[in-house]
Structure formats: C-alpha cells, structure tokens
Amino acid sequence: MNLSTELGGYKLSNCFMNASGPLCTTEKELNDLGKSSAGLFISKSATEQEREGNPSPRYVDTPWGSINSMGLPNKGYLFYAEQARQLAKYKKPFFISVSGMSLEENVKMIQHLSQIDEISAIELNLSCPNLPGKPQTAYDFTQTEIVLEKIMPLCSKPLGVKLPPYFDIIHFHQMAEILNQYPLRFVTCINSIGNALVIDSDKEEVVIKPKDGFGGIGGDYIKPTALANVRQFYTLLKKDIDVVGCGGIRSGVDAFEHILCGASVVQLGTILMQEGVSAFDRIAQELQEIMQKKGYQNLLDFKGKLKSL
Ligand code: YRO
C-alpha cells in the first residue's frame, strides 16, 4: 500500500502533515514533527513580531473535539526562517504559515521568506485579522482579492491559502472564482469553526478564558463541515490547485473520507494535540488497512471519487 502524494511540486512519502497550530510553535515541537512519520510539516502561523498570545486556559479538549482562542502565540517569522535551515536535515518539506496583523505585514514577511531556500512553501492563513469593523479576511471577498492581487506577484515560493469554513453555496462559488484567478498551488480546508461556545454546565461557566469563552472548535464537531468544504473546492477549483483536507481527522476512516472528497494531503489538528506525533503512525496504518480491504494500491485509486446518489 502506497500513501505517496504530491503538493506544491514536492513529492511526499505519505499524505499526512500537522495542521498549522498544534505542536508546531517551538524548536522542540518542530524537531519532533521533523522526526515523526509525517510526510511534511508546517509551522504555527507567524507574525512579524513574537507574540505571547491570549491568557490561559486558551485551549481545552472536549468529548467531541476542542475549543481554542490562542491569539496567535508564535516566535515571529524570523525564528521560523532560521528553523527552516535547521530542519532541512529531516529531508522532508517544511512549510511556513503566515498570518500577519495587516496586509503590509504579510507582504514584508512573504517577501523575506521567499528568499530562503530551505522553506518549501508558504500557507497564507486567510483567517488573519483584517481591517477593524470587518470580518476576517476570508469572509471579506473584496479584501481577499486585494490581498491575493498584492501578494501573489511577490511570492516566489509555492503558495497556498488556509480557508475558514463556508456554509453557503454562493460563498463557495464566489471564493473559488477569486482563487481560480491566481497561480495558487493549494487550498487548505478548513480552519476551526470560529466563535463557538463550549460551556461547563456544572460550574455554569465558560471553559476558556479569552473572549468570554468564545473560540474556534475542531475535532469531531467539524468533520462534516470540513468534508463539504474539501468537496466543494475540489469540484470548483482549477485542477492545478490541490486541496489539503483538515478537520475532524482522528482515524484512518476520516483520512479516507477526506481523500475521497478530493484531498491530496490531510492535516491533523485536534488529534495531534491530544495524542502527539504518534498519531501519524497510527492513522497512516489505519488508512493502509482500509485501502488493503478495498483493494486500493494508491491514493489516486480513490482520490476525489466520491459517488453521488
Ligand atoms: O487563536 C489562534 O491562534 C488561532 N486558532 C485557530 O483555531 N485558528 C487560527 O487561525 C488561529 C490564528 C488566527 C486568529 C484566529 C488569531 C486570527
């Protein structure tokens, strides 16, 4: 059974990577990902300046997944650029996620990161803060186009965008129409479902401290929404833009479903927080067992081939 795939022009030994966010902020965490069986790995979203992020508790596991309002804690983009040089020894692609506090900040970071050979590709987090009084960039279609128009020409690395979930068919079409205008290499679907509220009924209290308890949810809650977004963008995007699936993958079956919907690569988020990097081995093993039972040798035997009734 062969789990190999390609993304951003790189050949990958298998289709698993971390989602940007969990266990990819510090030098130790990045080295653990380098040593893991993941086929590639990515950093926490970087800003120009180092950030401490929000006060704790800011990530909590729940029976069906997780909620977080981390507030972009990261060591600053120059740290991840330096890490890229060190991490090259692991001989697998290393992507940097970028999430500037403004368009100018994204421009500055991407121009600099483009010059560093050891960085394989950039994932631009379109959930990045936008103009005050406006929704996040990816929910502001006009601003999304302004951002891509500015950034695409000055990014000389393979570039992908990380999208939040969409819930309306017209929004899938509007976003795909914008993305199809640019030489993007991949689109990652989905970020956490934003501004959810998990509460503790015994204590009659919220479970995370920032934002009166509101935060992005991941895990089991979001798999159907993630699959819908992977499927829609796989169907609507030009065939040279790959889809990366993220959301609710904690077993081989979940990974199989994302690939069936069209994902070329799949990311582990909440399960990576809960289980650590051994999750890559377990889930890859489970996916291979499913493929064996079904008589599939390669991911291309079933990628995108979801049937309708
Ligand atoms: O709180 C975060 O750092 C965070 N958490 C997520 O689940 N997704 C994200 O993209 C981010 C960083 C971006 C933002 C939510 C702080 C604007």
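Start at 1 and go down the list; that is how both ligands and their atoms are numbered.
Leu309 shares a hydrophobic cluster with no other residue; no ILVMFWY side chain has heavy atoms under 4.5 Å from its own. Other residues sharing the hydrophobic cluster of Ile42, ordered by chain and number and joined by side-chain separations under 4.5 Å: Leu7, Tyr10, Leu12, Met17, Leu40, Phe95, Phe186, Val244, Val265.
At the top of the distance list for atom 14 (C) of ligand 1, counting protein heavy atoms only, stands Ser127 O, 4.3 Å. The nearest protein atom to atom 11 (C) of ligand 1, hydrogens excluded, is given as Lys44 NZ, 4.1 Å; this is a heavy-atom distance.
In terms of polar-atom proximity, Cys128 is not counted as a contact of ligand 1, lacking any N or O under 3.5 Å from an N or O of the ligand. Any N or O atom pair closer than 3.5 Å counts here, and Leu72 shares at least one such pair with ligand 1.
For atom 5 (N) of ligand 1, the choice among Asn68, Thr47, Thr137 with the nearest heavy atom turns out to be Asn68. Checking Gly71, Ser192, Ser45, Ala19 against atom 2 (C) of ligand 1, the nearest heavy atom belongs to Gly71.
Residues Thr47 and Asn74 have side chains that bring a donor and an acceptor to within less than 3.5 angstrom of each other. Residues Asp254 and Ser251 have side chains that bring a donor and an acceptor to within less than 3.5 angstrom of each other.
The side chain of Asn191, and not its backbone, has at least one atom closer than 4.0 Å to an atom of ligand 1 (non-hydrogen atoms only; side chain from C-beta on).
Between Ser69 and Asn54, the shortest heavy-atom contact is O-ND2, 2.9 Å.
No option in Gln285, Gln292, Lys293 other than Gln285 meets the side chain to side chain donor-acceptor pair (under 3.5 Å) test with Glu289.
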